[in-house]
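Just follow the structure's listing: the first ligand is 1, and inside any ligand the first atom is 1.
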Amino acid sequence: MRAFQIDRYRGEIAEANVPEPIAGAHDILVRVRAAGVNQLDLKLAHGDFKALLRYDLPLTLGHEVAGVVEAIGSSVTRLAVGDEVFARPADFRIGTFAERIAIPEADVALKPATLSMVEAASLPLVALTAWQALVGRADVKPGQRVLIHGGAGGFGSVAIQLAKHLGAHVVTTASVSNAEFVRGLGADEVIDYRSQDFETLLSDVDLVIDGIGGKNVVKSLRVLRPGGLAIGIAGPPDQAFARAIGANAGLRLAITALSAKVRRQAARLGVHYSFLWVRADGAQLSEIAALIDAGILHPVVGRVFPFAQTPAALTALERGGLHGKVVVDLVD
Ligand SMILES: NC(=O)c1ccc[n+]([C@@H]2O[C@H](COP(=O)([O-])OP(=O)(O)OC[C@H]3O[C@@H](n4cnc5c(N)ncnc54)[C@H](OP(=O)(O)O)[C@@H]3O)[C@@H](O)[C@H]2O)c1
């Protein structure tokens with residue numbers, strides 16, 4: 001079957017003819033109809049995670065899928081051939097830039113009935129990240145002040161909607177050209193990250209979610225109320241993440257050291273920092289699907305590319321300046 005792969009880090013993402021995937025006992029075989037494109041695909045291709053996630057090369061990229069169940073493993077109980085599904089396959093089970101993929105049943109949910117395949121494929125990874133940050137990690141309550149960086153991006157455009165649904169007062173950073181767009185998603189305050197310094201404008205924030213990384217994380221700590229929480233999704237990683245990926249003692253130390261400065265700074269300010277790495281979770285995805293079908297969460301698809309142009313889709317995401325998600329469409 002056709003797939004888009006890297007055969008070395010920092011090399012080209014190119015089409016390859018690869019063996020058909022085989023569904024294990026707990027897997028479903030999905031015919032891919034659309035695949036969402038994520039910064040994580042770019043970061044993997046660049047080798048940013050090669051010490052942390054030891055993938056074998058060549059590697060088929062792609063972390064989001066919507067498609068149709070073509071076959072099921074002998075122990076699959078929830079899903080049947082012909083079901084329309086969507087998923088963020090677990091790490092080491094990725095590879096949605098392909099005609100078919102075998103995915104553990106536990107990672108999969110029925111596709112929201114109200115969405116097209118392209119719309120559904122734009123959501124699993126970013127919506128699960130928003131859910132795991134806002135609901136799982138922070139347990140956001142009505143009236144809390146939440147700052148979401150990069151509100152016009154794939155993650156931010158869903159996170160704003162979910163934070164509003166939870167009753168938060170939502171502040172976001174975005175380019176000035178995206179200000180109206182993020183207000184339309186529900187943002188109460190918009191800060192132009194190119195001309196304004198959010199640190200001088202904000203205080204007493206309960207929760208910051210930072211997908212920018214670097215100095216932005218440290219600055220984010222300084223706008224929190226005492227006891228507030230900053231969740232980094234672009235790093236730096238912490239000890240809990242090292243444990244979650246089963247890192248050995250040496251790697252655990254190295255990973256923990258990456259966030260030492262941020263954690264020290266947080267302790268000095270009386271606030272908290274934690275890193276979040278999105279987990280595959282079909283049950284959470286079903287809850288998200290219910291919010292979508294209830295008209296509470298909406299997909300935001302910025303650009304769609306045909307399957308043959310998957311490398312161009314990744315380049316478009318890398319260039320930036322888009323609204324929401326880039327999606328690859330396999331329907332011909
Ligand atoms: N840890 C996890 O599990 C996880 C999950 C999902 C995403 N992430 C990470 O989260 C980050 C965002 O992901 P995404 O899918 O939303 O990416 P994206 O679709 O490329 O969006 C990034 C957004 O950030 C904006 N931006 C760039 N520089 C900024 C700055 N200094 N301040 C505020 N906003 C800025 C961009 O605006 P312009 O285009 O106008 O420049 C764009 O709207 C990435 O680093 C990604 O890897 C991590």
message = Keeping Gln161 on the side-chain end and His298 on the backbone end, is there a donor-acceptor pair under 3.5 Å?
response =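 Pair found, side chain donor or acceptor close to backbone of His298.
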*Salt-bridge contact Arg279-Asp281 (side-chain N to carboxylate O under 4.0 Å)*: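 Yes, this pair counts.
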Report task. Identify whether the distance between the nearest side-chain nitrogen and carboxylate oxygen of Asp188 and Arg183 falls below 4.0 Å. Result ->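 So Asp188 does not pair with Arg183 through a salt bridge.
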Partners of Arg222 by salt bridge (Lys or Arg N to Asp or Glu O under 4.0 Å), sequence neighbours excluded?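 Residues passing salt bridge (Lys or Arg N to Asp or Glu O under 4.0 Å) with Arg222: Glu199.
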Counterpart residues, salt bridge (Lys or Arg N to Asp or Glu O under 4.0 Å), relative to Arg145 (two or more places apart):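 By the salt bridge (Lys or Arg N to Asp or Glu O under 4.0 Å) rule, Arg145 matches Glu189.
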Ligand-protein N/O pairs under 3.5 Å (ligand 1):
| from | atom 1 | to | atom 2 | distance (Å) |
| --- | --- | --- | --- | --- |
| ligand 1 | 1 (N) | Ile233 | O | 2.8 |
| ligand 1 | 1 (N) | Leu276 | O | 2.7 |
| ligand 1 | 3 (O) | Val278 | N | 2.7 |
| ligand 1 | 16 (O) | Gly154 | N | 3.2 |
| ligand 1 | 16 (O) | Phe155 | N | 2.8 |
| ligand 1 | 19 (O) | Gly154 | N | 2.8 |
| ligand 1 | 20 (O) | Gln39 | NE2 | 2.6 |
| ligand 1 | 39 (O) | Gly321 | N | 2.8 |
| ligand 1 | 40 (O) | Ser175 | OG | 2.5 |
| ligand 1 | 41 (O) | Tyr193 | OH | 2.4 |
| ligand 1 | 41 (O) | Arg194 | NH2 | 3.2 |
| ligand 1 | 43 (O) | Gly153 | N | 3.2 |
| ligand 1 | 45 (O) | Lys43 | NZ | 2.8 |
| ligand 1 | 45 (O) | Gly211 | O | 3.2 |
| ligand 1 | 47 (O) | Lys43 | NZ | 2.9 |

Side-chain polar contacts of residues 42-58 - donor-acceptor pairs under 3.5 angstrom, sequence neighbours left out - could you list them?
| from | atom 1 | to | atom 2 | distance (Å) |
| --- | --- | --- | --- | --- |
| His46 | NE2 | Glu318 | OE2 | 3.2 |
| Tyr55 | OH | Phe92 | N | 2.9 |

